[in-house]
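One structure below.
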Amino acid sequence: MSKEKVVLLDGNSLAYRAFFALPLLTNDSGIHTNAVYGFTMMLQNILSEEKPTHILVAWDAGKTTFRHATFGEYKGGRQKTPPELSEQFPYLRKLLDAYEIPQYELDQYEADDIIGTLSKVGEEKGVEVVVISGDKDLTQLASDTTTVCITRKGITDLEKYTPAHIEEKYGLTPEKIIDMKGLMGDASDNIPGVPGVGEKTAIKLLKQFETVEGVYESLDAVSGKKLKENLTANEDQAIMSKKLATIEVQAPITIALDDLSYKGPHEEKVKAIFEELKFKTLLEKMTPQSESIEMHETIEVDIISDGDTVKLADEMAVHVEMKDEKYLSTNVLGVSMTDGHTISYIPIEVLQASKTLTAWFQDESKKKYATDTKATYASLLRYGIETNGFEFDLLLATYIANPSSSYTDVASVAKEFNYHEVESDEVIYGKGAKKAVPEEHVIAEHAGRKVKAVWSLKPKLEEQLRQNEQFDLYHELEMPLAKILGKMESTGVKTDLRILQQIGVELSTRLSELESIIYEMAGQPFNINSPKQLGEILFEKIGLTPIKKTKTGYSTAADVLEKLESEHEIIGFILTYRQLGKLNSTYIEGLSKEIHEDGKIHTRFQQALTQTGRLSSINPNLQNIPIRLEEGRKIRAAFVPSEPGWMMFAADYSQIELRVLAHISQDEKMIAAFREGEDIHTKTAMDVFGVDKDGVSSDMRRTAKAVNFGIVYGISDYGLSQSLNITRKEAGKFIDTYLETFPGVKQYMEDIVADAKLKGYVVTMMNRRRYLPDITSSNFNLRSFAERTAMNTPIQGTAADIIKKAMIDMDARLEAEKMEARMLLQVHDELIFEAPEHEIEKLKEIVPEVMESALQLDVPLLVESAFGLSWYETK
DNA sequence: AAACTCACG
DNA sequence: ACGTACGTGAGTTTG
């Protein structure tokens with residue numbers, strides 16, 4: 001008990017203090033943040049200085065307290081809380097929740113009384129208590145066990161009031177502070193006291209007479225005529241003032257010290273709030289990755305020189321150690337393994353040379369607990385080592401448990417689960433230019449700590465996944481997919497550099513022609529790629545009317561320029577220049593750099609990144625190769641089969657998201673439309689505009705299509721008005737009509753938002769979760785965004801679930817059919833393959849079949865496929 | 001490093 | 001009244 005330390009904070013007082021101490025800061029979203037920022041600084045300071053085992057933030061309850069019964073004007077005349085501060089209280093509460101610091105308020109009582117009562121409890125138990133406030137009244141609570149800290153100027157500077165310090169400062173004992181207040185009053189609380197008595201006089205009187213009552217018992221002995229008069233005339237007021245200043249130490253609180261135990265912040269949540277409020281410096285401080293974490297336990301890692309001596313078990317945690325995350329090109333340093341007892345580190349050459357080890361890795365029945373299945377599989381494959389039998393994946397387990405968890409390395413995840421025995425990669429390898437591979441024993445220990453972490457975190461994560469009914473999603477969908485994606489990445493896509501270069505030459509020629517024309521029209525050369533310079537030319541020199549502004553100046557985005565196209569002929573040239581410039585830099589130059597020695601591009605699919613369950617593609621991104629405009633689409637001609645006599649084959653789901661919506665919402669009309677195999681946008685136009693098929697104009701279909709998109713995104717009238725270039729009112733009308741036409745959809749939208757508010761998260765059909773903390777935010781923007789996300793995520797996420805399932809089924813089917821065809825890419829709703837020409841007929845049959853039956857919905861899934869000599873030709 | 005722009009589903 | 005469509009990655013300019 002004696003080791004415990006309780007810190008009690010006066011929430012309102014500290015918030016006020018922070019608010020007035022700092023200038024009125026506003027972040028990008030227009031929220032004032034100075035009080036939250038200051039409070040956070042204080043809090044961090046207190047946590048690191050005091051290292052409390054228990055902590056509480058007490059809040060004032062409401063407008064009236066029991067003190068108002070005594071004195072109606074208590075705290076009267078005080079200025080209303082500035083709205084700029086009021087709006088920050090919800091964030092403070094959220095912040096404290098994220099720190100997992102308990103908060104408490106009690107009707108009719110002030111924070112002081114809660115703190116007073118708890119400090120007395122602490123005193124009785126002999127526990128060390130630290131009280132923190134900006135209000136000197138609290139100093140009356142100081143005792144041998146209770147220290148009261150009052151903010152001095154600034155925000156982190158605290159003055160510590162112990163009984164000794166109070167004695168030194170006032171010559172009084174702490175409990176006399178009340179008497180002092182009784183006599184001198186307190187302007188800020190509107191406590192009257194005795195006129196003419198200030199701090200000096202009050203102290204003098206109390207030194208002589210001990211208490212307020214003592215003063216009145218011996219009034220005659222008081223020196224000074226005027227003082228005596230004032231005292232006499234204000235006796236009742238003095239007694240009342242003392243009462244008002246007295247902190248209640250027996251408030252009927254319903255919490256106990258045990259409820260205040262503090263285990264540290266929930267780092268992820270704190271980070272999320274810092275991000276939300278744009279606390280950049282605090283965010284950076286949160287990841288003190290360049291600072292070495294204190295390792296509590298020493299571990300022993302055997303560095304293996306003969307692979308056949310490693311003690312192998314049927315289940316082991318394994319980790320492939322590399323100096324960065326680019327496992328498709330970076331060399332493997334070594335592999336660490338543990339069976340829960342001994343830890344080994346095997347340099348890659350040793351692993352490669354050991355038949356025993358490579359056989360163990362290949363053996364499906366030897367279960368591997370990996371930090372990252374896909375990286376393990378693909379990296380070892382580069383050394384000719386095949387890995388099978390993955391049974392646990394730290395990265396995927398963490399991601400499925402919460403897709404917003406940012407997995408940077410093993411240490412970051414481990415920390416989330418209160419496991420601190422592993423260093424961050426940045427500490428070991430450094431960052432930026434200083435990045436380097438340290439000595440082998442350092443790597444061995446680092447990699448060893450990682451497998452140890454995996455071993456001990458596995459039960460916790462699996463338990464959580466089971467509890468949330470997500471184990472199947474994780475174990476039967478994401479885990480098998482990881483290996484398949486590893487295979488796809490390793491296979492890569494053959495890219496014809498000559499085709500890229502040929503397009504590049506054409507582009508360069510046209511770009512320099514456009515450049516001359518634009519300079520000519522502008523009357524001067526300038527950097528067309530600089531929005532700043534372009535804005536100056538268009539809106540100042542030429543004098544066009546700016547339509548939209550950005551944070552830093554005029555917007556020159558394509559949709560803005562398109563509206564100006566008829567105003568000046570330069571606009572058209574600029575738009576073309578931009579379009580071709582993008583193609584040249586991102587796709588010609590960018591992709592050319594990514595072609596490996598094998599003539600292929602090996603993208604990496606991020607499987608644990610998106611908030612919805614989709615994959616993403618990096619280094620390079622092969623999920624955004626141009627298609628919409630013909631000039632860009634030609635880039636696809638560079639993606640070709642890797643073997644002579646082979647072809648490219650592509651298959652995509654038609655309208656998968658709307659089909660998912662029809663199924664989830666159970667909207668009868670929409671289900672019927674899909675069952676009848678109608679063109680959904682035309683059908684929507686028929687229903688919304690009340691015309692028959694022949695009555696649907698192309699404009700009506702275009703509108704219906706935009707509304708359908710809007711519905712999937714979580715509709716808003718503003719968004720639709722932007723995409724259709726119509727007024728918000730008109731857009732709103734379309735939405736209303738649409739929702740009347742599809743009442744099931746309307747119901748779904750309402751239900752999903754309500755459900756998200758209730759539970760705090762939404763799920764996909766396969767139980768993928770996305771937490772939406774902002775859905776209850778008082779900030780309109782944040783809340784609206786969360787609401788749209790709630791509507792969109794189950795749709796986009798279920799579509800992602802479906803194609804992932806299709807990929808697993810497809811991989812199995814190709815294997816079962818003993819086909820040579822290889823799956824190469826996934827682009828959200830399509831799969832791209834390469835195959836020998838003689839297998840194309842078979843693919844045309846089985847790919848749609850497998851994809852369409854990946855998941856049974858109440859509407860059919862439809863897949864369209866095509867093939868050709870390049871990706872360009874698969875249309 | 002952040003802002004802006006634009007490529008994809 | 002608020003101000004945005006949902007989900008990504010990458011290149012260029014600029015402070």
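In what follows, every heavy atom counts, from backbone to side chain, and hydrogens, waters and symmetry copies are set aside.
For B/dT5 and C/dT4, the P atoms lie 14 Å apart once the distance is rounded to whole Å. Comparing B/dA3 with C/dA5, their P atoms are spaced 16 Å from each other, to the whole Å.
A/Ser784 comes within 4.0 angstrom of no nucleic acid atom, judged by non-hydrogen atoms across all strands. No engagement by A/Leu583 is indicated, since no non-hydrogen atom pair under 4.0 Å with the nucleic acid exists. Looking at heavy-atom distances under 4.0 Å, A/Thr793 makes no contact with the nucleic acid at all. Looking at heavy-atom distances under 4.0 Å, A/Leu609 makes contact with sugar-phosphate atoms alone, never a base. At the heavy-atom level, A/Arg628 lies under 4.0 Å from base atoms of the strands shown. Residue contacts for A/Ala786: at a heavy-atom cut-off of 4.0 Å it reaches no nucleic acid atom on any strand shown.
Contact of the A/Ile601 side chain with the A/Pro620 side chain is registered, since non-hydrogen atoms from C-beta on lie closer than 4.5 Å.
Here the nucleotide nearest the side chain of A/Gln611, chosen from B/dA7, C/dT8, C/dA5, is C/dT8.
Nucleotide C/dC2: unpaired (no Watson-Crick or G-U wobble partner with both distances less than 3.5 Å).
Counting distance only, with no hydrogens placed and no angle test, the side-chain atoms of A/Gln623 and the base atoms of B/dC8 include no donor-acceptor pair under 3.5 Å. With hydrogens and angles left out, the side chain of A/Arg728 and the base of C/dG3 share a donor-acceptor pair within 3.5 Å. Within 3.5 Å, a donor on the side chain of A/Ser716 pairs with an acceptor on the base of C/dT4, or the reverse.
Contacts with DNA chain B (heavy atom under 4.0 Å) in residues 824-833 of chain A: A/Val827, A/His828, A/Asp829, listed by number. Contacts between residues 553-565 of chain A and DNA chain B, counted as heavy-atom distances below 4.0 Å, involve A/Ser555, A/Thr556, A/Ala557, A/Ala558.
For B/dC6, the OP1/OP2 oxygens have a side-chain nitrogen or oxygen of A/Arg578 closer than 4.0 Å. Contact check, A/Lys551 against B/dA2: no side-chain N or O comes under 4.0 Å of OP1 or OP2. Taking 4.0 angstrom as the limit, A/Ser616 places a side-chain polar atom (N or O) nearer than this to OP1 or OP2 of C/dG9.
Scanning for ring-ring contact (aromatic ring centres under 6.0 Å, His included) contacts around A/Tyr554 gives A/Phe539, with sequence neighbours left out.
A cation-pi contact, defined as under 6.0 Å to the ring centre and within 45° of the axis, links A/Arg769 to A/Tyr761. Both tests do not hold together for A/Lys746 against A/Tyr748: distance to the six-membered ring centre under 6.0 Å, angle to the ring axis within 45°.
One atom, CZ of A/Arg783, and another, P of C/dT4, lie 15 Å apart when rounded to the nearest Å.
Other residues, nucleotides and ligands contribute more than 12 heavy atoms inside 6.0 Å of the NZ atom of A/Lys435.
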